[in-house]
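Contents: one structure, followed by commentary.
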Amino acid sequence: MNQIEATTQLPGGAVSIYDRFTNLYDLMFRFNRYGRSIERYLRENPLPLPTDARVLDAGCGTGLLTLALLRVLKRPARVTAFDLSRRSLLTARRAARKAKEAPRHRISFLQANALALPFADESFDFVVTSGVLEYLPLDEGMGELARVLKPGGYFFHLP
């Protein structure tokens, strides 16, 4: 069953500067086939994730990495994708709804800050991020992502 949950907003209706660049960002990464490159890498280096694994796409942007995960993960997974940009999240959610692989996964999108994740400790089997840590204080950003990763889980950072 395809379950794609709605986007939430940051407190106070805060708008991210990234909202202004959503269309350009999405076009640029589709043009350079970034998502397909990631997909190929993940196919060539599969992770031994269990059925119904909890996956976090930290800073999902317009969903290119999320879509690659949907195509690559063979077993059903619970994918949570978050970003600071509400507009990017709306783009990502629309793309996920169109993905033919989406029905085997539960997908949720939410607006959140990578430095204050709204998840319990040790919540995810796999945390993946691309283009996020470069914009955060590294100790705080890595610390927060490590906090939500289960012991023995996988962390994958794409700069």
Side-chain angles (χ1 to χ4, degrees), residues 2-43 45 47 49 53-73 77-102 105-119 123-138 140-149 153-159:
N2 185 357
Q3 295 182 6
I4 301 178
E5 296 176 18
T7 304
T8 59
Q9 290 187 336
L10 289 175
V15 175
S16 162
I17 189 169
Y18 301 104
D19 286 327
R20 297 180 185 154
F21 306 113
T22 298
N23 291 340
L24 179 60
Y25 173 90
D26 193 48
L27 179 64
M28 177 180 67
F29 284 110
R30 287 185 190 282
F31 180 74
N32 73 9
R33 301 184 51 81
Y34 180 69
R36 294 297 179 173
S37 295
I38 293 169
E39 182 181 338
R40 185 177 70 239
Y41 179 84
L42 291 171
R43 282 192 197 287
N45 301 280
L47 294 169
L49 295 175
R54 294 216 44 217
V55 176
L56 179 65
D57 182 355
C60 67
T62 58
L64 297 173
L65 182 51
T66 306
L67 294 172
L69 288 167
L70 295 178
R71 289 189 288 267
V72 169
L73 296 174
R78 292 180 287 161
V79 178
T80 301
F82 80 84
D83 200 272
L84 199 56
S85 167
R86 185 173 190 286
R87 192 166 175 206
S88 292
L89 288 165
L90 294 172
T91 300
R93 190 173 63 199
R94 278 192 303 270
R97 282 184 177 150
K98 294 177 185 176
K100 66 180 179 182
E101 300 84 5
H105 305 292
R106 290 182 55 202
I107 310 160
S108 60
F109 292 91
L110 69 138
Q111 190 174 19
N113 184 326
L115 296 176
L117 296 175
F119 309 113
S123 297
F124 295 94
D125 300 292
F126 180 46
V127 173
V128 61
T129 184
S130 176
V132 173
L133 289 174
E134 296 89 327
Y135 301 100
L136 301 175
L138 191 56
E140 292 175 55
M142 283 294 297
E144 191 64 357
L145 294 174
R147 179 185 68 77
V148 300
L149 185 63
Y154 298 91
F155 175 78
F156 186 49
H157 170 66
L158 297 161

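Atoms CG and CG, on Leu70 and Leu65 in that order, are 9.5 Å from each other to the nearest 0.5 Å. Taking CD1 of Ile107 as the start and CZ of Arg93 as the end, the distance is 11.5 Å to the nearest 0.5 Å. Between the CZ atom in Arg71 and the CZ atom in Arg40 there is a gap of 13.0 Å [rounded to 0.5 Å]. Atoms CZ and CG, on Phe82 and Leu89 in that order, are 10.0 Å from each other to the nearest 0.5 Å. Note that CG of Leu110 and CZ of Arg86 are 12.5 Å apart. Values are rounded to the nearest 0.5 Å.
Side-chain contact between Val132 and Leu136: present, with at least one pair of heavy atoms (C-beta onward) separated by less than 4.5 Å. Side-chain contact between Val128 and Ile38 is absent, with no heavy atoms from C-beta onward closer than 4.5 Å. Between Phe156 and Leu42, the closest side-chain pair of non-hydrogen atoms falls below 4.5 Å. Between Phe119 and Leu56, the closest side-chain pair of non-hydrogen atoms falls below 4.5 Å. Taking 4.5 Å as the limit, some side-chain heavy atom of Thr129 sits within range of a side-chain heavy atom of Phe155. His157 places none of its side-chain heavy atoms less than 4.5 Å from the side chain of Met142. Leu115 has its side chain within reach of Pro137: a pair of non-hydrogen atoms, C-beta onward, lies under 4.5 Å apart. Between Arg43 and Val72 the shortest side-chain heavy-atom distance falls below 4.5 Å.
Between Gln111 and Ser85, the shortest heavy-atom distance links the atoms NE2-C, 4.2 Å. The shortest heavy-atom contact between Ala92 and Phe109 is CB-CE2, 3.6 Å. For the pair Asp83 and Cys60, the tightest heavy-atom approach, listed with the atom from each and the gap, is OD2-N, 3.4 Å. When all heavy atoms are compared, the tightest approach of Leu67 to Ala99 is CD2-CB, 4.1 Å.
Between Tyr154 and Phe126, the two ring planes are perpendicular [angle over 60°; tilted spans 30° to 60°].
Inspection of the Asp57 and Thr66 side chains reveals an N or O donor paired with an N or O acceptor under 3.5 Å.
For the pair Glu144 (side chain) and Leu117 (backbone), a donor-acceptor distance under 3.5 Å is present.
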Trace of the side-chain contact (heavy atoms from CB on, under 4.5 Å) decision for Thr80 with Phe124: CA-CA 9 Å; Thr80 301; Phe124 295 94; 3.9 Å; yes
